[in-house]
Protein chains: 4
Amino acid sequence: MARGVNKAILIGNLGRDPEIQNFDKGVKKASFSLATTETYRNREGQEMEQTEWHNIILWRGLAEIAEKFLRKGSQVYIEGRIRNRSYEKDGQKRYITEIEGDTLNLLGSRQSNDSSSYQENQPSAQPAPPPVQEPEDDLPF
Amino acid sequence: MARGVNKAILIGNLGRDPEIQNFDKGVKKASFSLATTETYRNREGQEMEQTEWHNIILWRGLAEIAEKFLRKGSQVYIEGRIRNRSYEKDGQKRYITEIEGDTLNLLGSRQSNDSSSYQENQPSAQPAPPPVQEPEDDLPF
Amino acid sequence: MARGVNKAILIGNLGRDPEIQNFDKGVKKASFSLATTETYRNREGQEMEQTEWHNIILWRGLAEIAEKFLRKGSQVYIEGRIRNRSYEKDGQKRYITEIEGDTLNLLGSRQSNDSSSYQENQPSAQPAPPPVQEPEDDLPF
Amino acid sequence: MARGVNKAILIGNLGRDPEIQNFDKGVKKASFSLATTETYRNREGQEMEQTEWHNIILWRGLAEIAEKFLRKGSQVYIEGRIRNRSYEKDGQKRYITEIEGDTLNLLGSRQSNDSSSYQENQPSAQPAPPPVQEPEDDLPF
DNA sequence: TTTT
DNA sequence: TTTT
């Protein structure tokens with residue numbers, strides 16, 4: 001039974017152009033590193049900076065958006081799940097943590113395209129379509 | 001073009017049983033008030049408590065889950081969008097803010113059903129299905 | 001006892017310059033409307049757009065940042081709490097929902113100032129300062 | 001300059017009792033694994049389940065709460081930052097991803113203590129204290 | 001009232 | 001109107 005929530009919310013900048021992989025049946029995958037930089041004051045009152053690098057992966061439609069619009073330095077909002085994977089390298093088992101994005105927003109762009117936001121798999125119900133024949137004076141509470 | 005994020009994340013308890021409305025074509029709507037209570041210390045160091053009441057609405061599948069499993073007092077996690085609506089009452093225009101949930105988790109329950117978590121409209125891609133024929137040594141970064 | 005979470009996460013654009021109020025003891029308050037615009041496809045496959053307007057309020061340090069750096073049109077990330085207030089107007093009780101921000105990020109700006117992100121009241125512990133004398137080989141799990 | 005957001009939001013269950021470490025000056029650290037389980041339907045319509053295990057660390061006050069109240073199986077809400085660390089083991093550099101929590105909620109508990117929610121370092125300003133002498137009819141927008 |  |  002599911003009682004879980006596994007959510008990452010990130011705003012940061014791409015360290016490199018996305019790397020694109022194409023699989024069977026037109027399935028596309030985009031991978032890139034995302035730097036999230038936070039500032040804080042230390043005990044001496046100095047402004048400090050801390051950057052984390054996240055491994056981002058995007059699939060299918062989001063990967064296509066990434067391929068078209070994201071470049072090194074792009075500032076994005078990404079919402080997704082934290083995934084832990086293992087793989088073999090040099091006969092050793094290695095572990096990697098990735099953020100599998102399901103929402104992507106390109107931030108701060110002044111471009112004229114219509115694709116700076118995208119969310120997976122919510123075609124018609126987002127926002128929820130109004131129900132048929134709700135009476136005008138039907139208050140919801 | 002969308003560059004927006006509109007997200008509410010709530011954990012609280014229902015003040016009443018959900019109210020259910022049925023519309024055409026089997027569309028169901030659930031409405032209820034949700035209390036989120038936070039504690040904090042005031043300037044005198046006293047433990048204080050602050051409760052907010054939120055108007056929650058759920059549609060379709062989530063409304064069915066609410067009807068079946070949520071009751072007065074139930075503790076839930078809800079993720080959704082903040083919506084502002086207006087309506088007429090007594091010849092006056094009134095405004096109401098609602099949270100339209102798209103994810104619902106029933107918390108703390110020890111029941112054995114399989115419905116304590118539910119998310120709208122992400123049938124096959126959540127989590128993203130693995131691509132066909134990804135080679136084993138294909139590292140993603 | 002608190003078992004609650006009351007969180008709003010917004011990315012949008014200011015509809016107007018922030019309105020600033022100054023209170024006793026140097027307490028400052030900033031208020032503005034924030035538009036969050038989402039796009040989605042309707043049942044006919046057309047690209048649709050939905051904008052919500054949120055009433056944002058910021059206090060103290062965040063209000064100062066807002067006064068200095070936010071203008072009509074600015075794109076910001078805001079994290080905060082949903083607050084419902086009532087007030088009297090024309091002898092009628094009115095209700096208003098506001099988002100009281102505790103984190104503010106100015107997005108998409110290429111300016112060279114050091115104030116585009118700010119979080120309330122987490123002076124030294126964010127990120128948590130490393131503990132004293134943690135041994136180098138001290139693995140955390 | 002900070003333009004970043006690095007946030008994890010998790011609801012899950014502890015795989016083991018928290019492990020507690022005590023450092024100089026009374027600094028305490030709690031570590032545990034947290035399982036977040038999600039369900040989804042696969043392409044054949046079968047109910048599937050996916051569990052991720054997260055390495056959680058909590059410092060100071062949150063570590064004390066964890067030590068007192070969290071046990072194997074406890075259901076918790078954790079909000080925090082994603083941190084990537086490296087360390088040496090067997091002469092090899094290893095990487096680990098941890099969630100450093102700054103908010104902790106014990107969920108679903110029916111116990112009578114007053115400590116099921118806790119947030120770091122926001123002593124007096126959360127929620128923001130009302131400003132002094134705000135006039136009663138002072139509308140915020 | 002914003003933005004694209 | 002909830003919960004502890």
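Lettering follows sequence order; numbering is per chain, from 1.
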Side-chain atoms of C:Arg16 come closest, of E:dT1, F:dT3, E:dT2, to E:dT1
Find the distance B:Glu49:CD to F:dT1:P and express it as a whole number of Å. 16 Å
note: B:His54, atom NE2; F:dT2, atom C1'; distance rounded to Å ~ 11 Å
Roughly, in whole Å, what's the span from OH in C:Tyr77 to C1' in E:dT2? 20 Å
For D:Glu64, enumerate each residue passing the salt bridge (charged side-chain N to carboxylate O under 4.0 Å, His left out) test, keeping only those at least two apart in sequence or located in another chain. none
Atom pair distance, as rounded to whole Å: CG in C:Leu10 and P in E:dT2: 18 Å
Face-to-face contact C:Trp53 to E:dT1 six-ring, under 5.5 Å, under 30°: yes
Measure across A:Ile11 and A:Tyr77 and return the closest heavy-atom pair with its distance rounded to 0.1 Å. CG1-CD1, 3.8 Å
What residues form a side-chain hydrogen bond (donor to acceptor under 3.5 Å, both in side chains) with B:Asn84, not counting sequence neighbours? B:Thr97, C:Glu52
When rounded to the nearest 0.5 Å, the distance separating CD of A:Gln75 from CG of C:Asn105 is 8.0 Å
Spacing between B:Arg71 atom CZ and F:dT3 atom P, to the nearest angstrom: 14 Å
Please state how far atom CG in D:Leu107 lies from atom C1' in F:dT3, giving the value in whole angstrom units. 12 Å
Where the side chain of B:Ser33 is defined as all heavy atoms beyond and including C-beta, which of F:dT1, E:dT1, F:dT2 is the nearest nucleotide? F:dT1
Across the strands shown, which category fits C:Thr36 at heavy-atom distances under 4.0 angstrom: base, sugar-phosphate, nothing? nothing
Measure from CG on B:Leu70 to P on F:dT2 and round the result to the nearest Å. 16 Å
Need one value for B:Ser74: base, sugar-phosphate or nothing, where a base atom within 4.0 Å counts as base even if backbone is also close, heavy atoms only. nothing
How close or far is atom P of F:dT2 from atom CZ of B:Phe32, stated in whole angstroms? 15 Å
